[in-house]
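Here is the structure we will look at, set down as structure tokens.
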Amino acid sequence: HQDVFTIHPQPAIDIMPDVFNGCKPLQVTFENNTQHGDQWIWNFSNGTGSSEFQPQPVFDSEGLYDVQLKAISEHGCESVVYYEDMIEVF
């Protein structure tokens, strides 16, 4: 008797903003090239978040902003990335 196990991959997160800095209000479009992801939990340190695949948050105030993304696969496997001070608004 042989058991068969299926190993499901964790999401491989790959994101890139279209701009890293600019004057307020700054709209940023995040390109999402993540593999094996099915759900998205974005957190921006301006008090907003998103569950969109490629969100377009607007940063209204001057400062440095962190970006966090949790990607969840269709099998419930999770990966998280956190970028401190990724976006700068003047």
Side-chain angles (χ1 to χ4, degrees):
H1 177 255
Q2 203 173 18
D3 291 331
V4 176
F5 295 96
T6 302
I7 299 174
H8 299 287
Q10 287 183 295
I13 297 177
D14 179 9
I15 61 170
M16 182 64 64
D18 64 338
V19 294
F20 287 94
N21 57 56
C23 297
K24 64 179 181 177
L26 179 65
Q27 182 173 19
V28 179
T29 300
F30 283 90
E31 181 179 339
N32 188 347
N33 294 308
T34 299
Q35 297 181 7
H36 310 295
D38 192 51
Q39 296 177 359
W40 319 99
I41 302 171
W42 295 85
N43 184 5
F44 309 107
S45 62
N46 66 348
T48 67
S50 177
S51 60
E52 295 179 14
F53 178 66
Q54 295 190 145
Q56 297 179 311
V58 175
F59 298 86
D60 291 318
S61 301
E62 295 176 7
L64 295 168
Y65 295 95
D66 308 331
V67 175
Q68 177 180 305
L69 173 60
K70 178 192 281 188
I72 305 169
S73 75
E74 65 179 326
H75 302 287
C77 302
E78 299 180 0
S79 293
V80 177
V81 294
Y82 176 79
Y83 298 99
E84 187 174 359
D85 298 340
M86 184 180 221
I87 305 297
E88 183 177 16
V89 180
F90 319 121

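This one's a predicted model, so the numbers in the text were calculated from it and none came from an experiment. Note that the numbering runs from 1 along the sequence shown for the chain. Only this structure's heavy atoms are used, side chains among them; waters, hydrogens and symmetry mates stay out.
Between Ile87 and Leu64 there is no side-chain heavy-atom pair separated by less than 4.5 Å.
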Donor-acceptor contacts, no H, no angles, side chain residues 77-86, under 3.5 Å, sequence neighbours left out:
unit_1: Ser79; atom_1: OG; unit_2: Pro11; atom_2: O; d: 2.7
unit_1: Tyr82; atom_1: OH; unit_2: Asp66; atom_2: OD2; d: 2.6

Please report, to 0.1 Å, the donor-acceptor pairs under 3.5 Å made by any side chain of residues 32-40, with sequence neighbours excluded.
unit_1: Asn32; atom_1: OD1; unit_2: Thr34; atom_2: N; d: 3.0
unit_1: Asn32; atom_1: OD1; unit_2: Thr34; atom_2: OG1; d: 2.6
unit_1: Asn32; atom_1: ND2; unit_2: Phe53; atom_2: O; d: 2.9
unit_1: Asn33; atom_1: ND2; unit_2: Glu31; atom_2: OE2; d: 3.0
unit_1: Thr34; atom_1: OG1; unit_2: Asp14; atom_2: N; d: 3.2

Determine all donor-acceptor pairs shorter than 3.5 Å in which one atom belongs to a side chain in residues 55-63; sequence neighbours excluded.
unit_1: Gln56; atom_1: NE2; unit_2: Thr29; atom_2: OG1; d: 3.0

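The side-chain hydrogen bond (donor to acceptor under 3.5 Å, both in side chains) test applied to Thr48 returns Asn46, not counting sequence neighbours. Take Phe30 and apply the ring pair (Phe, Tyr, Trp, His ring centres under 6.0 Å) test, not counting sequence neighbours, and it matches Trp42, Phe44. Every residue two or more places apart in sequence or in another chain was checked for a ring pair (Phe, Tyr, Trp, His ring centres under 6.0 Å) with Phe20, and none qualifies.
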(Q) Asp3 vs Phe5, test: side-chain contact (heavy atoms from CB on, under 4.5 Å). Steps then yes/no. (A) CA-CA 7 Å; Asp3 291 331; Phe5 295 96; 3.8 Å; yes

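Heavy atoms only, all atoms of each residue included: Val89 and Cys23 are closest at CG1-C, 4.2 Å. The shortest heavy-atom contact between Val19 and Val28 is O-CG1, 3.8 Å. Closest heavy-atom contact between Gln27 and Asp18: O-OD1, 4.4 Å.
Grouping Ile, Leu, Val, Met, Phe, Trp and Tyr residues whose side-chain heavy atoms lie under 4.5 Å apart, directly or via other members, places Ile72 in a hydrophobic cluster with Ile41.
For the atom pair CG of Asn21 and OH of Tyr65, the computed distance is 13.0 Å after rounding to the nearest 0.5 Å. Ser73 contributes atom OG, which lies 8.5 Å from atom CD of Gln10 (distance to the nearest 0.5 angstrom).
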